[in-house]
**Q** 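Just dropping this structure here.
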2 protein chains.
Amino acid sequence: MKGTKSYHHKDLRQALLQHAVRLIQDEGMKGFSMRKLAALAGVSHTAPYRHFASKEELVATLMLDGHIRLRAALLATASTTSGRARDKLLAMGRAYLDFAREQPEYISLMFSGEGMAAAMSVASRHSEFFAEDSDSFGPLEETVRACQAEGSLDPSSEPGALSFAVWSQVHGLALLRNEGMIRLMAAERGHTEDDTLNAVFAVFSHWYGPAGAVGGEV
Amino acid sequence: MKGTKSYHHKDLRQALLQHAVRLIQDEGMKGFSMRKLAALAGVSHTAPYRHFASKEELVATLMLDGHIRLRAALLATASTTSGRARDKLLAMGRAYLDFAREQPEYISLMFSGEGMAAAMSVASRHSEFFAEDSDSFGPLEETVRACQAEGSLDPSSEPGALSFAVWSQVHGLALLRNEGMIRLMAAERGHTEDDTLNAVFAVFSHWYGPAGAVGGEV
DNA sequence: CCGACAATGTTGACGCTGTCAACAATCTTT
DNA sequence: AAAGATTGTTGACAGCGTCAACATTGTCGG
C-alpha cells in the first residue's frame with residue numbers, strides 16, 4: 001500500500017494483460033514483444049514468465065478475454081434493443097461490426113489461426129477456457145431461434161446452421177472491412193465505406209425476412 | 001546448363017517463392033523465416049535480399065500470387081459450371097471454400113492484417129500490384145449481376161453491395177472453418193463438419209432466391 | 001517471533017531472427 | 001579484355017523468446 005516500488009509487484013498478471021492490449025493496439029501484433037511488455041510494466045524481461053508460461057499462453061488469455069468482451073457487448077445490445085427479435089439480430093450484427101472496428105487487434109487475435117492454436121494448447125491445460133462466459137456464439141444463436149419463433153427467419157432451417165450462416169456473413173463483413181477491402185472497393189466506386197456497409201446490411205436485412213424497414217446507422 | 005552448382009542461381013526469385021509456399025504449408029506462418037527459406041533454396045541467408053527488399057515484400061508477393069490463384073479457380077469454376085447463374089454462384093462459393101481448405105496458409109496470408117499492410121506498402125512502389133489479373137472479387141460480382149439479370153437475386157439491390165454480402169458470407173464461413181470454429185461447434189452437437197457446412201450452404205442457397213434444390217457436396 | 005518454504009522478480013546466457021555493410025564471383029556490354 | 005552491373009557470401013548487429021541460477025519477499029507452522 002506504500003508508495004514505494006516493492007520488489008513484488010502484486011498484480012503483475014493483470015497489469016501485463018492491460019498493457020498488452022494497449023501495446024498491441026499501438027504497435028500491432030508485429031511489434032508486440034514480451035520484452036517491450038515487461039519494460040512497459042516496469043519489470044525485468046523475464047518477469048512475465050512467472051505468470052504466463054509462454055507468449056503463446058499470454059496471447060491465448062487475451063483471446064479468451066476478447067471473447068468475454070464480445071459476448072458481453074452482444075448481450076448488452078440484445079437486452080437494450082427493444083422490439084422484435086429480428087431487430088435485435090440486426091442490432092447485434094452492428095454491435096459485432098462495432099466491436100471489430102473498435103478493437104481490430106482483439107478480433108484478429110481472437111480469430112487468427114495462431115490465436116486458435118494457442119487457445120487450444122492452453123485449453124488442454126486450463127479448463128476454464130471455453131467456459132460459458134466466453135461463448136460469444138451463444139447469444140447469437142438464441143436470438144436466431146427467437147427470430148424463427150416469431151417468423152422472421154425460416155423456421156424450417158436447422159437453428160445451428162442458420163446461426164452459423166448469420167455469424168459467417170457478419171464475421172466475414174467485419175474482417176473484410178478490417179482488412180481494408182471495403183474501403184478499397186468503396187473508393188473505387190466513389191462511395192464511402194459507411195454507405196457500402198449500410199448497403200450490405202440492407203441486403204442482409206432483406207435476406208433475413210420479409211419484414212419492415214432497415215434500422216440504424218453504422 | 002552444366003550439372004555444376006553455379007555461383008549464380010539464375011531464377012532464385014521463383015525458386016524462393018515456391019519454397020516459401022511449401023515452407024509455410026509445412027510449418028505455418030510462425031515457423032517461416034527468411035533464413036530457413038534461404039537454406040531450403042541452398043543459398044546463404046542474405047541472398048533472398050537481392051530479390052526481395054524485405055520479408056514483408058516477399059510475403060506481399062505471395063499474397064498477390066494467392067489472389068491470382070483464387071481468381072483463376074473462381075473463373076475456372078464459373079466457366080465449367082453449366083446452367084443458371086445462380087448455380088454458378090453457389091459453385092463459386094464451394095470453390096472459395098475449397099481453395100481456403102486446400103491452401104489455408106494462402107488465405108490467412110492474403111487476408112491477414114499484416115498481409116494487407118505489406119501489400120499496401122509494396123503496391124505504392126510496384127504498380128503491378130492490384131492489377132486486373134489479381135482481382136479475385138471481379139468474377140464474383142459478374143456472376144451476381146448475372147443472377148440479378150435472370151431474376152434469382154433481387155434486381156433492386158445495388159450489385160456491388162449484393163456482391164459484398166455474398167462475398168462476406170462465403171469469406172466468413174471459410175475463415176470460421178479454417179479457424180476450427182465449425183469443427184468445434186459441430187462436434188458439440190454431434191454433427192460432422194461437412195454436414196454443418198452443407199446445412200449452412202443450404203441456408204445461403206435459400207436466401208439467394210426461391211429456386212430449386214441445393215447442389216453438390218462439400 | 002522465527003525459520004522453512006513457496007511465490008515472485010532479476011541477471012545473464014543461448015540460439016534464432018531480420019537486416020545491413022563490405023566483399024567476391026559472375027554476367028553483360030563495349 | 002576492361003568496366004560496370006547483378007547476384008551471392010561472410011560477418012556483424014540488435015532484438016526476440018526462453019531457460020537456468022540466483023535474490024528477494026510473502027506466508028505459515030512451530
Side-chain angles (χ1 to χ4, degrees), chain A residues 1-20 23-24 26-63 109 112 114-115 117-118 121-122 125-126, chain B residues 1-20 23-24 26-63 109 112 114-115 117-118 121-122 125-126:
Chain A
M1 215 48 89
K2 307 279 191 61
T4 67
K5 287 194 174 182
S6 66
Y7 190 87
H8 283 309
H9 189 289
K10 201 49 186 176
D11 221 3
L12 222 200
R13 184 171 217 273
Q14 212 55 34
L16 286 172
L17 288 174
Q18 289 179 284
H19 279 120
L23 221 192
I24 292 179
D26 286 354
E27 311 206 18
M29 213 48 188
K30 192 86 177 185
F32 168 70
S33 80
M34 289 298 254
R35 293 171 100 113
K36 277 187 201 164
L37 179 57
L40 261 182
V43 293
S44 72
H45 59 261
T46 58
Y49 286 85
R50 297 292 149 185
H51 300 274
F52 302 95
S54 63
K55 184 182 187 180
E56 198 183 32
E57 188 168 304
L58 194 155
V59 168
T61 304
L62 239 37
M63 172 190 157
L109 205 136
S112 79
E114 310 290 345
S121 85
V122 173
R125 288 188 300 268
H126 295 55
Chain B
M1 216 49 90
K2 308 279 192 60
T4 67
K5 288 192 174 182
S6 67
Y7 189 88
H8 283 315
H9 188 290
K10 201 46 184 180
D11 224 0
L12 222 201
R13 183 170 217 273
Q14 211 55 34
L16 285 173
L17 288 174
Q18 290 180 283
H19 278 119
L23 220 193
I24 291 178
D26 286 354
E27 311 205 19
M29 213 50 188
K30 191 85 179 186
F32 168 70
S33 81
M34 289 299 252
R35 295 171 100 111
K36 277 186 202 165
L37 179 58
L40 260 182
V43 293
S44 73
H45 59 263
T46 59
Y49 286 84
R50 296 292 149 184
H51 301 273
F52 302 94
S54 63
K55 184 183 187 179
E56 197 183 33
E57 187 169 306
L58 194 155
V59 167
T61 305
L62 240 34
M63 173 190 155
L109 204 136
S112 78
E114 309 292 343
S121 85
V122 173
R125 288 187 301 266
H126 294 57

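Below, read A as the first sequence line, B as the second, and so on, with proteins coming before strands; counting in each chain starts at 1. Since this is a predicted model, take the numbers as computed values, not measurements.
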**Q** Return the minimal non-hydrogen interatomic distance between B/Thr61 and B/Phe52, and the atom names on each side.
**A** OG1-CE2, 3.8 Å
**Q** To the nearest angstrom, how far is A/Leu23 atom CG from D/dG15 atom P?
**A** 15 Å
**Q** With a cut-off of 3.5 Å and sequence neighbours excluded, list every side-chain donor-acceptor pair involving residues 34-49 of chain A.
**A**
{"from": "A/Lys36", "atom 1": "NZ", "to": "A/Glu27", "atom 2": "OE1", "distance (Å)": "3.0"}
{"from": "A/Lys36", "atom 1": "NZ", "to": "A/Gly31", "atom 2": "O", "distance (Å)": "2.8"}

**Q** Write down the distance between NE2 (B/His51) and C1' (D/dT9), rounded to a whole number of angstrom.
**A** 13 Å
**Q** What is the distance from CG of B/Leu12 to C1' of C/dC27, rounded to the nearest Å?
**A** 15 Å
**Q** Do nucleotides 14-22 of chain C as a string where each nucleotide becomes B, S or -: B if the base has a protein heavy atom under 4.0 Å, S if just the sugar-phosphate does, - if no protein is that close.
**A** ---BBBB-B
**Q** Distance check needed: C/dG9 P versus A/Arg13 CZ, whole Å only.
**A** 12 Å
**Q** Atom CG of A/Leu37 and atom C1' of D/dG15: how far apart are they, to the nearest Å?
**A** 15 Å
**Q** Would you list the pairs meeting salt bridge (charged side-chain N to carboxylate O under 4.0 Å, His left out) in which at least one residue belongs to residues 11-20 of chain A, sequence neighbours left out?
**A** none
**Q** Output every pair passing salt bridge (charged side-chain N to carboxylate O under 4.0 Å, His left out) with a member in residues 42-55 of chain A, not counting sequence neighbours, ordered by first then second residue.
**A** none
**Q** How about B/Leu58 and B/Phe32: do any of their side-chain heavy atoms sit closer than 4.5 Å?
**A** yes
**Q** Which heavy atom in A/Leu23 sits nearest to a heavy atom in A/Ser33, and how many Å separate them?
**A** CD1-O, 4.2 Å
